[in-house]
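Take a look at the structure below.
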Amino acid sequence: MKNWRRVMNIVITTESSCDIPAALRGKLGVLTVPFHVNFPGMSVDDNSIPVQEIYDFYEKTHKIPQTSAVNPDEYRVFWEEVLAANPGA
């Protein structure tokens, strides 16, 4: 009988609100799709602005920015890029 070995191409992904530190995600190659932080009239990707800007916003307005999940189209683009970079995954 032949010894068959199955090779699997696995890509681990997460959303940016996960509790895995960015340095560890980078070391392990975990791909991340960002959620959004929403201010009046502006939405930014998680981790794209310094945390101090969120504190400053609160001090100025006494409001906490809202967050929103990744929308379906953003996930589609994310997965297309993941699959293009990792054929067979």
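The model shown is predicted, which means the values in this text are computed figures rather than measured ones.
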Least distance between heavy atoms, Glu15 atom then Tyr75 atom = CG-OH, 4.1 Å
Excluding sequence neighbours, so at least two apart, what forms side chain to side chain contact (heavy atoms under 4.5 Å, CB included) with Glu80?
-> Arg76
Residues in side chain to side chain donor-acceptor pair (under 3.5 Å) with Asp19, at least two apart?
-> none
Any residue meeting side chain to side chain contact (heavy atoms under 4.5 Å, CB included) with Asp56, in chain and number order, not counting sequence neighbours = Gln52
Qualifying residues under side chain to side chain contact (heavy atoms under 4.5 Å, CB included), relative to Ile49, sequence neighbours excluded = Phe39, Val44, Glu53, Ile54
Indicate, with yes or no, if Phe78 and Ile10 share a hydrophobic cluster defined by side-chain heavy-atom contacts under 4.5 Å among Ile, Leu, Val, Met, Phe, Trp and Tyr.
-> no
Thr61: partners by side chain to side chain donor-acceptor pair (under 3.5 Å), with sequence neighbours left out = none
Return the minimal non-hydrogen interatomic distance between Ser16 and Asp46, and the atom names on each side.
-> OG-OD2, 2.8 Å
Set of residues satisfying side chain to side chain donor-acceptor pair (under 3.5 Å) with respect to Thr14, sequence neighbours excluded = none
Return a table of donor-acceptor pairs under 3.5 angstrom between the side chains of residues 82-89 and protein atoms on other chains or two or more places apart.
residue, atom, partner, partner atom, Å
Asn86, ND2, Val82, O, 2.9

Ile64: what forms a side chain to side chain contact (heavy atoms under 4.5 Å, CB included) with it, not counting sequence neighbours?
-> Tyr58
Considering only Ile, Leu, Val, Met, Phe, Trp and Tyr, and joining two whenever side-chain heavy atoms are under 4.5 Å apart, list the other residues clustered with Val51.
-> Tyr55
Show every donor-acceptor pair shorter than 3.5 Å between a side-chain atom in residues 27-37 and any protein atom, with sequence neighbours excluded, or say none if there are none.
residue, atom, partner, partner atom, Å
Thr32, OG1, Arg25, NE, 3.0
His36, ND1, Asp45, OD1, 3.2
His36, NE2, Glu74, OE1, 2.9
His36, NE2, Glu74, OE2, 2.9

Taking side chain to side chain donor-acceptor pair (under 3.5 Å) as the test, write out the residues that go with Ser48, two or more places apart.
-> none
